[in-house]
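For reference, the structure discussed in these notes is given below.
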Amino acid sequence: MYKQGLYHDWVPKIVQLLMILICVVPFLTIFGVYTGNISDMVSHTGTMSEYFVMANYASFIGMTAVMPLLLRTKQYFRTKEVVIGSLTLLPLLGWVCASTESAPLIVVCSFFMGALKMMGLLEFILPIFYMLSPSMNRLEYYPVFYPAVIILAQVSSYYSSYLSYIYSWESVYTVMNIYMLVCATLSVIFMHNSRAMKKVPFYQFDWTGFILFSLSMMVLCYVFVFAKFHGWMQTDVIFKGGILFLILFALFMLRQVTVKRPYIHLAAFKKASVWSSLIMISLLGLLLAAGSVQTTFAMGVLKYNA
């Protein structure tokens with residue numbers, strides 16, 4: 001039996017709306033590393049800050065890398081399985097980030113947390129789309145959704161810093177883990193068990209392309225983050241990392257043009273809408289980077305706390 005929507009028919013519409021708003025918050029605010037807490041994490045673990053900066057970027061790499069897989073997971077798993085699975089695995093990875101002192105492990109967990117949060121968020125995108133624009137007009141949806149996401153992320157960063165300042169940097173993970181487990185319990189009760197579409201097997205997915213893309217982006221992230229620490233080109237580490245990135249990315253591109261079902265269809269980049277989207281994302285990155293500069297100025301020059 002196939003059924004659209006997220007919840008059982010006996011759930012009132014107002015309750016469904018409330019459930020969507022409650023359950024989408026953790027997918028928008030959970031991170032492996034909260035930037036406002038990096039200084040506390042560095043002092044507690046005695047690890048270089050570059051690892052935690054890389055972990056922050058790794059979560060976004062995970063979100064990007066999993067995008068081509070999302071439609072396949074949506075066709076293979078039930079909506080309820082994806083949401084509950086994400087809401088239970090994310091607290092587990094958050095607990096690992098809060099309890100371990102291994103910075104490389106935090107980087108790996110952050111990558112998978114980014115992938116899981118994107119998988120869960122996809123299930124709520126269409127209902128939120130319809131809520132913000134009943135006519136399903138993107139020009140009405142994007143100007144409301146993305147600013148709301150950015151504002152919510154900033155509010156989350158503020159409260160994570162506040163909890164770290166009052167208690168400890170681990171406390172934000174505890175709060176988010178409890179919240180996500182509550183959301184998972186609510187989803188078990190209210191979400192329906194039907195499929196949204198016909199089941200499609202996983203074996204047709206290009207897992208090799210997924211691995212090559214993820215590894216190449218993580219290597220590039222390491223090069224950018226640790227370049228200053230290694231003295232830019234004064235050591236062989238950054239040079240070898242750049243060469244490794246070029247090799248992995250070349251193998252990835254070669255595979256995309258040779259396999260029958262590639263990880264990413266390169267023909268999409270011939271569309272003007274794709275390039276305009278990339279330009280808008282780049283401008284958004286500049287905006288967020290300006291916010292990071294402001295934070296650095298406030299903490300480093302004005303001597304404010306996080």
**Message:** Going by side-chain hydrogen bond (donor to acceptor under 3.5 Å, both in side chains), name the residues that satisfy it together with E101, two or more places apart in sequence or in a different chain.
**Reply:** none
**Request:** Looking only at non-hydrogen atoms, find the nearest pair between W169 and A98 and report the distance.
**Result:** CH2-O, 3.7 Å
**Message:** Is it the case that over 12 heavy atoms from other parts of the model lie below 6.0 angstrom from the CD1 atom of I166?
**Reply:** yes
**Prompt:** Are the aromatic ring centres of Y7 and F190 under 6.0 angstrom apart?
**Reply:** no
**Complete:** What one should report as the nearest heavy-atom pair of F31 and S59 is CD2-OG, 4.1 Å
**Asked** Between the main-chain N or O of L254 and the side-chain N or O of T258, is there a donor-acceptor pair closer than 3.5 Å?
**Response** yes
**Message:** What's the separation between atom CG in L87 and atom CG in L181, rounded to the nearest 0.5 Å?
**Reply:** 8.5 Å
**Message:** For G32, is there any backbone N or O sitting under 3.5 Å from a side-chain donor or acceptor partner on Y173?
**Reply:** yes
**Request:** Could you check if a side-chain atom of F252 sits within less than 4.5 angstrom of a side-chain atom of L248, using non-hydrogen atoms only?
**Result:** no
**Message:** Would C23 and S187 count as a side chain to side chain contact (heavy atoms under 4.5 Å, CB included) here? Give the steps.
**Reply:** CA-CA 8 Å; C23 293; S187 299; 4.0 Å; yes
Please tabulate, for the side chains in residues 208-229, all donor-acceptor contacts under 3.5 angstrom to protein atoms that are two or more places apart in sequence or on a different chain.
{"residue": "S214", "atom": "OG", "partner": "F210", "partner atom": "O", "Å": "2.8"}
{"residue": "S216", "atom": "OG", "partner": "L212", "partner atom": "O", "Å": "3.1"}
{"residue": "S216", "atom": "OG", "partner": "F213", "partner atom": "O", "Å": "2.8"}
{"residue": "Y222", "atom": "OH", "partner": "H230", "partner atom": "NE2", "Å": "3.1"}

**Prompt:** Would a distance-only check, ignoring hydrogens and angles, find a side-chain to backbone donor-acceptor pair under 3.5 Å from K80 to M191?
**Reply:** yes
**Asked** Should the pair Y159 and Y162 be assigned to parallel (<30°), tilted (30 to 60°) or perpendicular (>60°) ring geometry?
**Response** perpendicular
**Message:** Is the shortest side-chain heavy-atom distance between I106 and Y51 below 4.5 Å?
**Reply:** no
**Request:** Specify the closest pair of heavy atoms between C109 and V96, including all atoms of both residues, with the distance to one decimal.
**Result:** SG-CG1, 3.6 Å
Residues 113-122 side chain polar contacts: donor-acceptor under 3.5 Å, at least two apart:
{"residue": "K117", "atom": "NZ", "partner": "F27", "partner atom": "O", "Å": "3.4"}
{"residue": "K117", "atom": "NZ", "partner": "I30", "partner atom": "O", "Å": "3.0"}

**Asked** Charged N to carboxylate O below 4.0 Å: is that the case for D206 and R261?
**Response** no
**Residue F205 excluded, over 12 heavy atoms near CZ under 6.0 Å** = yes
**Prompt:** Given the rule in the side chain to side chain contact (heavy atoms under 4.5 Å, CB included) test, do V175 and Y179 qualify, once you have shown the distances and angles that lead to the verdict?
**Reply:** CA-CA 6 Å; V175 172; Y179 184 28; 5.5 Å; no
**Message:** Just checking F112: does its CZ atom have more than 12 heavy atoms from other residues, nucleotides or ligands closer to it than 6.0 angstrom?
**Reply:** no
**Fill in**
Heavy-atom nearest pair, V149 first then L28, reads CG2-CD2, 4.1 Å
**Prompt:** Under the 3.5 angstrom rule, does the side chain of S160 hit a backbone N or O of S156 as a donor-acceptor pair?
**Reply:** yes
**Asked** Can M54 be reached from Y57 by stepping across I, L, V, M, F, W or Y side chains whose heavy atoms are under 4.5 Å apart?
**Response** yes
**Request:** Just do the side chain to side chain contact (heavy atoms under 4.5 Å, CB included) check on F52 and V107 with the steps written out, would you?
**Result:** CA-CA 7 Å; F52 301 111; V107 173; over 6 Å; no
**Asked** Do you know the tightest heavy-atom contact between Q256 and P262?
**Response** OE1-CB, 3.2 Å
**Message:** If I take atom CZ from residue F239 and atom CG from residue L244, how far apart are they, to the nearest 0.5 angstrom?
**Reply:** 12.0 Å
**Request:** For Q16 and V11, indicate whether the former's side chain and the latter's backbone hold a donor-acceptor pair under 3.5 Å.
**Result:** yes
**Item:** Shortest non-hydrogen contact between T64 and Y263, atoms and distance
**Value:** O-OH, 4.2 Å
**Prompt:** Are L89 and I84 grouped together when hydrophobic residues (ILVMFWY) are joined by side-chain heavy atoms under 4.5 angstrom apart?
**Reply:** no
**Prompt:** Can you tell me how far CD of E81 sits from CG of N193, rounded to the nearest 0.5 angstrom?
**Reply:** 8.5 Å
**Message:** Could you measure the distance from the OH atom of Y130 to the OH atom of Y141? Nearest 0.5 Å is fine.
**Reply:** 15.0 Å
**Asked** Does CE in M48 sit with more than 12 non-hydrogen atoms of other residues, nucleotides or ligands closer than 6.0 Å?
**Response** yes
